[in-house]
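Working notes, beginning with the structure itself.
Scope of the values below: all heavy atoms of this structure, side chains included, with no hydrogens, waters or symmetry mates. Counting starts at 1 for both ligands and their atoms, in listed order.
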Amino acid sequence: MSNVPFTIMGTDYVQLIVGNAKQAAHYYQTQFGFDPVAYQGLETGDREKASYVLVQNKIRLVLTTPYLASSDLNEHLRLHGDGVKDVAFWVDDAEAAWKYTTEQGATSVREPFVISDDDGEVKLASIHTYGDTIHTFVQRDNYKGLFLPGFIPFETRVQTKPVGLNFIDHFVGNQPENQMTKIAEWYERVFGFTRFWTVDDKDISTEYSALRSIVVTNDNQRIKMPINRPAVGLKKSQIQEFVEYYSGPGVQHIAFDTNDIVQTVTQLRDNGVVFLDVPAEYYDELPKRVPEVEENIDDLGQLGILVDKDEFGYMLQIFTMPVQDRPTLFYEIIQRKGAKGFGKGNFKALFESIERAQARRGNL
Ligand code: FE2
């Protein structure tokens with residue numbers, strides 16, 4: 001056991017800074033089945049920004065847009081486009097989390113503070129991580145409101161149809177050349193995270209591009225975070241493409257857990273979500289590669305769902321195309337049937353698909 005004096009119970013919320021949160025909220029509702037439950041903006045007294053909170057089971061997204069040219073959030077938009085600003089951690093003690101992490105060398109964004117309303121109080125504090133990304137510590141044991149004090153219920157006549165997304169399985173940070181190990185060691189020192197699973201470019205390479213990855217996790221493994229960097233290939237790595245369009249390091253993808261990936265992806269595709277395509281040959285080899293698959297191979301092939309296995313079991317996964325015009329943030333849908341990995345066995349097939357998309361963008 002580590003001697004870290006606080007516990008992370010999971011991801012509390014993920015905040016994205018976007019160009020038009022009102023429209024993005026509609027997109028996440030109608031395409032991904034998130035329920036818009038809460039709002040903060042001019043009508044609630046926030047003069048700087050509008051924020052929409054969208055929920056599906058244990059996943060909480062916050063979409064935020066600045067109103068005025070004077071807001072610092074505009075710089076986030078200019079540099080990164082729509083993207084993740086804050087991966088907030090649900091903790092038992094926000095003060096202890098901030099104190100310990102800053103003592104270990106993290107840079108503070110905001111010292112611990114308390115906000116309250118009729119539903120109780122929440123203690124918050126934030127630190128910087130890679131790039132312009134931050135982690136906010138959220139201590140909400142004395143709060144029974146919708147999200148945070150200051151938010152009001154969001155009203156819409158649009159019906160939400162959930163697609164079965166349960167919780168965040170993992171989220172991935174892309175780093176420029178030479179930064180991956182440093183960032184992994186930062187999480188080990190500052191958070192007491194440990195290394196979970198590592199791949200090198202022997203595992204993940206195609207003819208053209210490659211990545212390397214270190215996965216770090218906390219004690220209870222509620223937080224799992226692969227950290228990627230580009231590896232040298234014949235052509236441009238997808239990680240390098242991300243770093244160029246994101247103006248540096250940032251969150252590349254977030255993986256949502258589901259209990260029934262065939263059902264979830266069927267609904268997502270019907271809603272208009274576009275996924276990476278998978279070569280037909282992939283499904284010819286699949287029964288040999290993962291003989292224990294219970295799902296119908298034709299269903300998996302039609303939906304483009306990938307399968308991988310490790311010593312613990314198997315898992316099914318699929319990746320969306322980027323969800324904004326910049327080729328940056330995308331999502332993964334994952335169903336674990338025992339396997340603990342992140343799809344190492346799929347990387348080759350997957351990267352060939354990513355590279356076809358990169359080539360269409362003229363970035364290979
Ligand atoms: Fe992933």
> Do any protein N, O or S atoms sit under 2.8 Å from the Fe ion (ligand 1), and which ones are they?
Replying inline: H170 NE2, H253 NE2, E332 OE1
> Judged by atom type as modelled, is there a donor-acceptor pair below 3.5 Å linking the side chain of N218 to the main-chain atoms of I223?
Replying inline: yes
>> I want to check something: taking the side chain as every heavy atom from C-beta on, are R222 and M9 in contact at a cut-off of under 4.5 Å?
In response: yes
> Between R189 and Y187, is NZ or CZ placed under 6.0 angstrom from the six-membered ring centre and within 45° of the ring axis?
Replying inline: no
>> Applying the ring pair (Phe, Tyr, Trp, His ring centres under 6.0 Å) criterion to F89, which one of W98, Y13, F6, F191 satisfies it?
In response: F191
> Between Q358 and N363, do the side chains contain an N or O donor and an N or O acceptor separated by less than 3.5 Å?
Replying inline: no
> Q302 and Y283: side-chain donor and acceptor closer than 3.5 Å?
Replying inline: no
